[in-house]
Structures are given as C-alpha cells and as structure tokens.
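Note: hydrogens, waters and symmetry copies are ignored here, and every other heavy atom, side chains too, is used. Remember, it's a predicted structure, so these values are computed and weren't measured experimentally.
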Amino acid sequence: MKNRIVDLCASVLLIFALISSVAPARADSDDGIVRVKSAVPISEAITRIKADIASKGIKFFMEIDQSRLAAEAGIKLRPSTLLVFGNPPLGTQFIASNPNAGLDWPVRLLLTQDDNGDVWAVWTDFDWIARRHNIRDRAAQFKMATTVVGSITSTITTK
C-alpha cells in the first residue's frame with residue numbers, strides 16, 4: 001500500500017510539473033478531435049513519442065500498425081499507427097466516475113500521414129470525453145491528462 005501511495009504521489013508531482021510548462025492543445029471543433037502537426041516523419045514521431053512516454057513513467061500498452069493490417073487484408077492505407085498508453089492512477093479515476101468512460105481509456109494517440117505527406121498526431125479531446133460521459137467531478141484530472149498528452153506530442157513539433 002505504501003508503494004502505491006508513493007507511486008501516486010510521484011505521478012501527481014510529474015503531472016503538476018508538466019502543467020506549469022506546457023500549453024494544452026485544444027480541439028478545433030465540436031467533433032472532439034485534437035490534431036498536432038509533426039515536423040518529423042511518422043517513424044521518427046512514433047519513436048520520439050514512445051521514448052517520451054517511457055521517460056515520464058507512463059505505462060505503454062501497445063502499438064497497432066493499422067496500415068500493415070490493412071495491407072494484410074489487401075487494402076491500401078496511408079501510414080497510420082495507433083499508440084495506446086496511460087497512467088492507471090489517473091485514467092481509472094474517469095472510469096470510477098462513469099464506467100462507460102472505459103471506452104475512451106487508456107489514451108489512444110493516432111499517428112497518421114495525409115495525402116500531402118504531412119504527419120499528424122491525433123487524439124480525442126479530454127474535455128469532449130468529459131462531456132460525452134457526463135463526468136463533472138474530475139476537472140483537475142482532465143486538465144492533467146490534456147497537459148500530459150500536449151507535452152508528449154510537443155516532442156514531434158520540431159525537427
């Protein structure tokens with residue numbers, strides 16, 4: 001139990017440090033989608049994001065190469081990779097507030113390349129998730145999640 005409390009405190013301190021140093025990204029419309037343009041190719045973006053997740057002590061669950069899966073099914077798809085990660089002491093608070101929020105946790109971050117060759121990091125806006133699941137008792141936690149993902153994606157915005 002003592003180790004769990006220490007881990008939780010360390011996570012909270014990390015998140016507060018991030019909040020003070022990173023401006024959160026926001027969804028541009030009511031669809032709840034946040035997009036950040038990458039300055040590096042998709043393979044490097046994946047490498048940078050995974051390294052940053054690891055350096056923050058966030059649990060990385062999986063990488064799904066959607067374009068490879070499409071190719072195996074005989075379908076041509078632009079490069080598209082889904083990264084799934086999270087911080088259980090933070091993310092499970094949303095599920096505790098509304099079990100349906102488990103549809104949106106852990107965090108899913110899509111790296112995709114458009115027809116112009118531009119690479120984008122795309123995720124669901126956390127304020128939008130809060131509204132979707134009518135979660136009104138976790139505002140600080142949603143703000144932390146927004147800040148952390150903003151920090152993670154900031155690693156790909158410069159060469």
field: Any side-chain heavy-atom pair of Trp128 and Ile33 under 4.5 Å
entry: no

message: Working note: Asp114 + Thr112, criterion side-chain hydrogen bond (donor to acceptor under 3.5 Å, both in side chains); need CA distance, chi angles, decisive distance, verdict.
response: CA-CA 7 Å; Asp114 66 20; Thr112 188; over 6 Å; no

query: Leu103 and Arg132: side-chain contact (heavy atoms from CB on, under 4.5 Å), yes or no, with the steps?
result: CA-CA 11 Å; Leu103 289 168; Arg132 175 181 186 193; 4.1 Å; yes

message: Treating Asn98 as the side-chain partner and His133 as the backbone partner, does any N or O pair qualify as donor plus acceptor under 3.5 Å?
response: yes

message: Rounded at 0.5 Å granularity, tell me how far OG1 in Thr47 sits from CG in Asp52.
response: 12.5 Å

query: Are any of the side-chain heavy atoms of Arg48 and Ser38 separated by less than 4.5 Å?
result: no

query: Taking all atoms of both residues into account, what is the closest heavy-atom pair of Ala45 and Leu111, and its distance?
result: CB-CD2, 4.1 Å

- prompt: With side chains defined as the heavy atoms from C-beta onward, is the minimum distance between Glu44 and Val119 less than 4.5 Å?
  reply: no

query: Do you know which two heavy atoms are closest between Gln66 and Ser80, and how far apart they sit?
result: OE1-OG, 2.6 Å

query: Is a side-chain N or O of Ser151 found less than 3.5 angstrom from the main chain of Thr147, in a donor-acceptor match?
result: no

query: Looking at residues at least two apart in the chain, or sitting in another chain, which of them share a ring-ring contact (aromatic ring centres under 6.0 Å, His included) with Phe85?
result: none

- prompt: Between Phe126 and Trp105, how do the two ring planes meet: parallel, tilted or perpendicular, split at 30° and 60°?
  reply: parallel

- prompt: What distance do Thr146 atom OG1 and Asp125 atom CG have between them, rounded to the nearest 0.5 Å?
  reply: 6.0 Å

message: Let me confirm one number: the CD1-CZ distance from Ile49 to Phe60, rounded to the nearest 0.5 Å.
response: 10.0 Å

pair Ile152-Ile58: side-chain heavy atoms closer than 4.5 Å: yes

field: Rounded distance (nearest 0.5 Å) linking atom CG of Asp104 with atom CD1 of Ile135
entry: 8.5 Å

message: Hydrophobic clustering (ILVMFWY, side-chain heavy atoms < 4.5 Å, transitive) - are Leu77 and Trp120 grouped together?
response: no

message: According to salt bridge (charged side-chain N to carboxylate O under 4.0 Å, His left out), does anything in residues 133-142 pair up with another residue at least two apart or in another chain? List the pairs.
response: none

statement: The reported gap from CG in Asp115 to CZ in Arg78 (rounded to nearest 0.5 angstrom) is 4.5 Å

Ile129 vs Phe94 side-chain heavy atoms within contact, under 4.5 Å: no

message: Are the side chains of Asn87 and Met144 in contact, using a 4.5 Å heavy-atom criterion?
response: no

statement: Between Ala121 and Ile156 the two heavy atoms that sit nearest each other are CB-CD1, 3.8 Å

- request: Rounded to the nearest 0.5 Å, what's the gap from CG on Asp65 to OG1 on Thr81? Could you check?
  value: 4.5 Å

field: Single-linkage hydrophobic cluster Met62~Leu69, side-chain heavy atoms < 4.5 angstrom
entry: yes

query: Residues two or more places apart in sequence or in another chain: which of them pass side-chain hydrogen bond (donor to acceptor under 3.5 Å, both in side chains) with Lys50?
result: Glu63

